[in-house]
Amino acid sequence: MHSIDVLVIGAGAAGMMCAIEAAKRGRSVLVLDHAKKPGEKIRISGGGRCNFTNIHASPKNFLSQNPRFCISALSRYTQRDFLALIERHKIGYHEKTLGQLFCDGSAGQIIDMLLGQMQHHGAQLHLTATVESVEKTANGFMVRYSGGTVSCRSLVIATGGKSIPKMGATGFGYDIAARFGLRLVETRPGLVPLTFEPNLLERLKPLAGVAVDAVVACRKTRFAEAMLFTHRGISGPSILQISSYWREGDEITISMLPETDLFAALREERGRNGRQALQTALALHLPKKLAQLIAADISPAQNLADFSDVALRRVAAAVNEWRVKPAGSEGYRTAEVTLGGVDTRDLDSKTMEARDVPGLYFIGEVVDVTGWLGGYNFQWAWSSGWCAGQVV
């Protein structure tokens, strides 16, 4: 058995950031991960280019039972701080939409930067390391893993959530939290495609692969981004965003032409050419397959001249006030994040330390702080990891 100052379990974004900061302060640091490679979520993020932060990141972009918990970390290590870090390492980047920042090259550049910083400051990394037991000691913790036994003064849990189990995601962090008496907020898949019941799915089957720019709302929350019809239901950025607010049994409202007064447009078309079919008029604004399906649902084989103003308003509502109740989500298999996690009431917001277990820290996705789609969850990883790294 050997002794170190800091043991970090989890070599993802938060864990590596914490290790770097702790090692900078002269701490002896070991990072363990059961995977064969570090930073797998970084590697696949953004289609392989890593959407590493968002220039608009602020507490309002995060969900938690305590929305104020993330304020301290996000204000002490901001997106501008991370940008300065990658600029120092000459990693090119660009903004896509809505403040999302991506590498010009591959996500591997971010991983290489983090690994390089760990090595430079003396933090060690052991991969394919399975943790077998964690015990509290008088001076810290004793951890047995597949490579041996290590004692540490500070133990940092950075193991993420349950999303994408094929990448090795587990509930390990929640098990550790429960073992030491910390409360847990119910976990569920977040940023995940939504599914439809079989009858609706069969009716919408021809639309698989069709995309529209949409405004999607659930209760008082709405997002305006692209939506995609799939073989299982609906996906795309707007759906992934609203999925974090949707609960089973909820109805969502979708506007597929949010910038268009469709009633006025159809009324004008009726006056100009009443002999054209409804689907032809709709296809001036919507993808052809979607126009055909909506027209067939409303009134097959009718021309615009046959529609009264009341009927045209029903058509407009079918497009811009489509109310639908998803049957469920695709689950952790495709979810980008896990909602819920370690209850923030049991953590110090400045240090990420467990209030009643000195020396035990939780950072990143394992905590009940979940960001929107678009780089926000990585920023939480950098910020929470940085904060813990200042004190462990």
Side-chain angles (χ1 to χ4, degrees), residues 3-35 37-43 45 50-53 57 70 72-91 93 101 103 106-127 129 140-141 143 150 152-160 173 348 350-353 359-367 369 375-392:
S3 298
I4 56 172
D5 295 322
V6 182
L7 176 64
V8 179
I9 303 180
M16 288 192 281
M17 176 62 87
C18 178
I20 292 165
E21 292 301 314
K24 279 183 183 178
R25 297 171 46 245
R27 301 295 193 265
S28 56
V29 181
L30 172 63
V31 181
L32 301 179
D33 199 298
H34 67 267
K37 295 180 180 179
E40 282 299 274
K41 274 200 171 181
I42 298 174
R43 195 180 307 278
S45 164
C50 188
N51 180 193
F52 56 81
T53 191
C70 64
S72 177
L74 292 172
S75 63
R76 292 168 60 214
Y77 190 86
T78 71
Q79 58 271 38
R80 293 174 294 280
D81 293 315
F82 192 76
L83 274 176
L85 175 64
I86 69 165
E87 287 171 355
R88 286 198 300 273
H89 287 81
K90 298 182 172 19
I91 297 175
Y93 64 91
L101 300 182
C103 295
S106 78
Q109 294 176 287
I110 300 291
I111 299 172
D112 290 343
M113 176 190 73
L114 297 170
L115 292 174
Q117 284 288 286
M118 286 172 59
Q119 184 177 28
H120 177 73
H121 294 290
Q124 297 181 12
L125 172 64
H126 288 182
L127 297 171
F141 300 86
V143 176
V150 60
C152 60
R153 291 193 300 171
S154 297
L155 175 62
V156 182
I157 306 299
T159 51
D348 186 307
K350 293 182 179 179
T351 65
M352 305 292 129
E353 185 176 23
L360 180 62
Y361 300 78
F362 292 85
I363 59 176
E365 188 182 345
V366 74
V367 179
V369 175
Y376 297 101
N377 287 292
F378 275 125
Q379 186 56 48
W380 170 246
W382 313 133
S383 297
S384 59
W386 184 91
C387 287
Q390 307 310 302
V391 294
V392 290

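Keep in mind that this is a model prediction, so the values were computed, not measured. We count residues from 1, following the sequence as given. When reading the values below, keep in mind they use all heavy atoms of this one structure, side chains included, and skip hydrogens, waters and symmetry mates.
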Task: Heavy-atom side-chain proximity of Glu353 to Phe362 below 4.5 angstrom - done: no

- [ ] Return yes if some donor-acceptor pair links the side-chain N/O of Trp382 with the main-chain N/O of Phe52 below 3.5 Å, else return no.
- [x] yes

Task: Minimum side-chain heavy-atom gap Leu114-Ile110 below 4.5 Å - done: yes

Open item on the list: I'd like to know if the side chain of Thr53 reaches the main chain of Gln79, judged simply by a donor and an acceptor atom lying under 3.5 Å from each other, with no hydrogens or angles considered.
Closed with: no

Open item on the list: Nearest 0.5 angstrom please: Leu7 CG to Phe141 CZ, how far?
Closed with: 10.0 Å

- [ ] Take atom CD of Gln119 as the centre, draw a 6.0 Å sphere, and report whether it contains more than 12 heavy atoms from other residues, nucleotides or ligands.
- [x] no

Open item on the list: Nearest 0.5 angstrom please: Ser383 OG to Arg76 CZ, how far?
Closed with: 10.0 Å

TODO: Classify the side-chain pair Asp5/Ser28 by whether it contains a donor and acceptor separated by less than 3.5 Å.
DONE: yes

Task: Close side-chain approach of Ser154 to Tyr361, heavy-atom, < 4.5 Å - done: yes

Open item on the list: What I want to check is whether the side chains of Gln379 and Tyr77 have a donor and an acceptor closer together than 3.5 Å.
Closed with: no

Task: Test item: Gln109 and His89 side chains (from C-beta on) under 4.5 Å apart, heavy atoms - done: no

Open item on the list: Minimum heavy-atom separation for Leu32 and Ala129, please, with both atom names.
Closed with: CD2-CB, 4.1 Å

Open item on the list: Walk me through whether His121 and Ile20 qualify under side chain to side chain contact (heavy atoms under 4.5 Å, CB included).
Closed with: CA-CA 7 Å; His121 294 290; Ile20 292 165; 4.3 Å; yes

Task: Nearest heavy-atom neighbours spanning Gly375 and Asn51 - done: N-OD1, 3.0 Å

Task: salt bridge (charged side-chain N to carboxylate O under 4.0 Å, His left out) contacts in which one or both residues fall within residues 23-34, not counting sequence neighbours - done: Glu21-Lys24

Open item on the list: Test your reading of the model: is there a side-chain donor-acceptor pair from Ser75 to the backbone of Ser72, 3.5 Å cut-off?
Closed with: yes

Open item on the list: Can you give me the closest heavy-atom contact between Val29 and Ala22, atom names plus distance?
Closed with: CG2-CB, 3.8 Å

Open item on the list: With heavy-atom distances below 4.5 Å as the criterion, would you say the side chains of Leu115 and Leu125 are in contact?
Closed with: yes

Open item on the list: Just verifying a value: how many Å separate Leu30 CG and Met118 CE, rounded to the nearest 0.5 Å?
Closed with: 8.5 Å

Open item on the list: I need the Leu85 CG to Leu83 CG distance, nearest 0.5 Å.
Closed with: 9.5 Å

TODO: Go through the steps to decide whether Met16 and Ile42 satisfy the test side chain to side chain contact (heavy atoms under 4.5 Å, CB included), and finish with yes or no.
DONE: CA-CA 11 Å; Met16 288 192 281; Ile42 298 174; 4.1 Å; yes

Open item on the list: Go through it in stages, so that I can follow the logic: the residues are Cys50 and Phe378, the test is side chain to side chain contact (heavy atoms under 4.5 Å, CB included), and I'd like the CA-CA distance, side-chain angles, deciding distance and then a yes or no.
Closed with: CA-CA 9 Å; Cys50 188; Phe378 275 125; 4.0 Å; yes

Task: Polar side-chain atom of Ser384 near backbone of Trp380 as donor-acceptor pair, under 3.5 Å - done: yes

Open item on the list: Minimum heavy-atom separation for Ala158 and Val8, please, with both atom names.
Closed with: CB-CG1, 4.3 Å

Task: Verdict with reasoning, Ile91 to Met113, per side chain to side chain contact (heavy atoms under 4.5 Å, CB included) - done: CA-CA 9 Å; Ile91 297 175; Met113 176 190 73; 4.0 Å; yes

Task: Heavy-atom closest contact (Val369 atom, Cys70 atom, distance) - done: CG1-CB, 4.1 Å

TODO: Side-chain contact test, heavy atoms from C-beta onward, threshold under 4.5 Å: evaluate it for Cys152 versus Val6 and give yes or no.
DONE: no

Open item on the list: Using 0.5 Å steps for rounding, measure from the CD1 atom of Ile157 to the CD1 atom of Ile9.
Closed with: 4.0 Å

Task: Between OG on residue Ser106 and CD1 on residue Ile111, distance to nearest 0.5 Å - done: 8.0 Å

Open item on the list: Side chains of Val392 and Val156, heavy atoms from C-beta outward: is any pair under 4.5 Å?
Closed with: yes

- [ ] For Arg43, check salt bridge (charged side-chain N to carboxylate O under 4.0 Å, His left out) against everything at least two apart and list the hits.
- [x] Glu40

